[in-house]
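Heavy-atom basis, side chains included; hydrogens, waters and symmetry copies ignored. Keep in mind that this is a model prediction, so the values were computed, not measured.
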Protein chains: 2
Amino acid sequence: MVASRAGVSTATVSLVANGKTHGRVSEDNISRVRQAIAELGYVVDSVGSSLAKGVSSIVILVAPDISNPFFAKVIEGVRESLGSDFQLLLSVTEAGELPRADDIRRLSALRPAGLLVDAPDAAFLENLSSTGPLVLLDAPGLEAYAPSVNLDVASGARELAAHLAGSGHRRVAYLDSVTGTATFAIRRTAFLQAAAALGMSVDPANRIGTTIDVGAAAEAFAAAWPQWQQAGVSAVVCATDTHAYGVLQEARVAGLRIPAELAVAGFDDLPYSATSNPGLTSVHLPAAQLGLKAGEQLRGLIEGRTLERPQLTLESTLVVRGSTDRAAGGHSGLR
Amino acid sequence: MVASRAGVSTATVSLVANGKTHGRVSEDNISRVRQAIAELGYVVDSVGSSLAKGVSSIVILVAPDISNPFFAKVIEGVRESLGSDFQLLLSVTEAGELPRADDIRRLSALRPAGLLVDAPDAAFLENLSSTGPLVLLDAPGLEAYAPSVNLDVASGARELAAHLAGSGHRRVAYLDSVTGTATFAIRRTAFLQAAAALGMSVDPANRIGTTIDVGAAAEAFAAAWPQWQQAGVSAVVCATDTHAYGVLQEARVAGLRIPAELAVAGFDDLPYSATSNPGLTSVHLPAAQLGLKAGEQLRGLIEGRTLERPQLTLESTLVVRGSTDRAAGGHSGLR
DNA sequence: CTGAAAGCGCTTACAG
DNA sequence: CTGAAAGCGCTTACAG
């Protein structure tokens, strides 16, 4: 080790590089080593270090859907809380898939300092034989497996129901997501329950579902609308903003006035929802916070702390825009 | 090492695990070791292996913009070509940023088998002191730094110009991206040149630019349209599909008939462009191929081969849809 | 406070 | 064809 040529043993260099000098290295040596490190641009070889320590400085983030503006925010939050002490690396799988058992084994062979898993299912967690620090994101109902950070989508769903009821809507349609993720069941159930309590009816016949895809949602809406219209539906709630974009698209084609003839709302509050015309009313989910908190929890675990609150839930809030509220406006087209 | 308990030395196990048995291990031992490996679910510890070999099985993909449907396709291609011999990990940076020098040093300390860098700039490559296998993606003009796989956006731009000229357009506007990336200069230059050759005018006054953002593009178009209209502009070409979505959005609000009163086209052919209404005419870029070829080139480098063709260029092609061609149709709204 | 030494889990000449 | 041994770059008891 070249750095040791600046006066001391490799052991001392290691101590300094790891900040474990307290009461073990003289001030004199500390500064001498620091200078040598700076001069040589030395960076601790993480492979050697990992082998000796039994663990690396890599944190692996596993997620089924990385190409998603919502997820980009989550990542930002994770980065912020993890800082530069850890290398955040994204596990890349086929779109919409979680890594398979042998992928996981290979990832474990990297000896990551910790694992962050977004939107897992029970089967995945069952297989996950990893023993290291683990935090789940957006895994409602799976709290038994590991500390997790969840989103309280139900509260936002109730706010949305109240908003629509307050705007005078009485018959509402629901455009669901067909993926079996727990969050969608929660969104639907919470909304339906609150709607019923507020005197709005969501006829089972007026509930449909598609994949999370603008085109699919658009087609499904186009096919369903005549019937919904006949049934007196004046508002449609979509399980995701992506579904809602499909509805907005078809509604424009059909010349439907929004929100006068049809109010539209979604969940997620994706960036595009703020700039679309009309703006899309949506249940805002704190993506960056989700990442941030998950990162903090994982740090705690890595540092061997016991988490005071292993289960965290973040609030969702309704953002009202032009798609349900004429007054909410948004920018209004050509000037 | 537990696996060696199945009869032989660790050296033999290592040989089998690495497939270096040719003429060095007896058939007998090979199968005995294989069985032991299977029984114990043994996976080579990549940290120990990396240290001994001096290189890991990690391939790091560095990119400024991971939350982009186009990029998701690129990743798919990379995965396919890299297979399971390498761990593909995404370096996560702030949105739109490439990693800084010390990030890179830390990544290098992981001893990656290779590096894939998407859309870099010269400054980044200057700093990149990494010595290992390196392949650039979408880095026109930077071929001097490393083997690269590029996109021939110019040919698509020329096709687009021919298509618009053939549809009778004479005055065209251009909505550019303001980020300095080389690809945008190429898109613009190629289109303008071909347009001029075909007798279409793109008045400098009818060229504007915004960030890659639907809202920003929508506003800019809204502000510019009155003048464009007065100037007789009948088509607008956008540097990205994202820009075009903004134009389509505002055009709908204004009640502009598309493509009759205004034809709109973009670059990238994002998934949404196929399902929007009208569908968006766009220059298709082979994202998955880009990733696939880059992965193949990197593999070659890692395996010590000399690349027969270190510089690859993939063709772009025009996809004509309803936004420029009434006949191209697309699905047509409520049935 | 300091350094020599063992060991992390592998791979690879090397001698047999 | 096979195994003992050295070594990859670090960290961490341990003895001083």
Nearest-nucleotide comparison on DNA chain C, the residue closer to the 5′ end among Val47(B) and Leu15(A): Leu15(A)

Between Arg299(B) and Glu296(B) (salt bridge meaning N to carboxylate O under 4.0 Å), is one present in this structure? no

Gap between atoms [atom1] and [atom2], on [X] and [N] respectively (whole Å):
X         : N      : atom1 : atom2 : answer
Lys53(A)  : dC8(D) : NZ    : P     : 21 Å
Leu51(B)  : dA6(D) : CG    : C1'   : 13 Å
Asp45(B)  : dG7(C) : CG    : C1'   : 14 Å
Leu110(B) : dC8(D) : CG    : P     : 20 Å

Take a 6.0 Å sphere around CD of Gln311(A) and say whether it holds more than 12 heavy atoms from other residues, nucleotides or ligands. yes

For the CD atom on Glu39(A), are there more than 12 heavy atoms of other groups (residues, nucleotides or ligands in this structure) within a distance under 6.0 Å? yes

Could you check Thr21(B), Val16(B), Leu15(B), Asp28(B) and say which one makes a side-chain contact (heavy atoms from CB on, under 4.5 Å) with Val33(B)? Val16(B)

What residue among Val59(A), Val135(A), Val55(A) forms side-chain contact (heavy atoms from CB on, under 4.5 Å) with Ile302(A)? Val59(A)

Range-with-range stems of DNA chain D (Watson-Crick or G-U pairs under 3.5 Å, three or more in a row): C:1-3 with D:14-16, C:5-12 with D:5-12, C:14-16 with D:1-3

Determine: side-chain N/O of [X] to OP1/OP2 of [N], distance under 4.0 Å, yes or no.
X        : N       : value
Ser9(A)  : dT2(C)  : no
Ser14(B) : dT11(C) : yes
Asn29(A) : dC1(C)  : no
Tyr42(A) : dG9(D)  : no

Identify the two heavy atoms, one from Leu290(B) and one from Val149(B), that lie closest to each other, and give their separation to 0.1 Å. CD1-O, 3.5 Å

Which atoms form the tightest heavy-atom contact between Phe71(B) and Ala63(B), and what is the distance? CZ-CB, 3.2 Å

Within the 3.5 Å criterion, strictly below it, is a donor on Ser46(B) or Ser49(B) matched to an acceptor on the partner's side chain? no

Closest to side chain of [X], choosing from [options]:
X        : options                  : result
Thr12(B) : dA4(C), dC10(D), dG3(D)  : dG3(D)
Val44(A) : dC8(C), dG7(D), dC10(D)  : dC10(D)
Thr10(B) : dT11(C), dC10(D), dT2(C) : dT11(C)

Determine yes or no for a side-chain-to-main-chain donor-acceptor pair under 3.5 angstrom, with Arg111(A) supplying the side chain and Gly54(A) the backbone. yes

If you take any heavy atom closer than 4.0 Å to DNA chain D, which residues from residues 18-28 of chain A end up in contact? Asn18(A), Lys20(A)

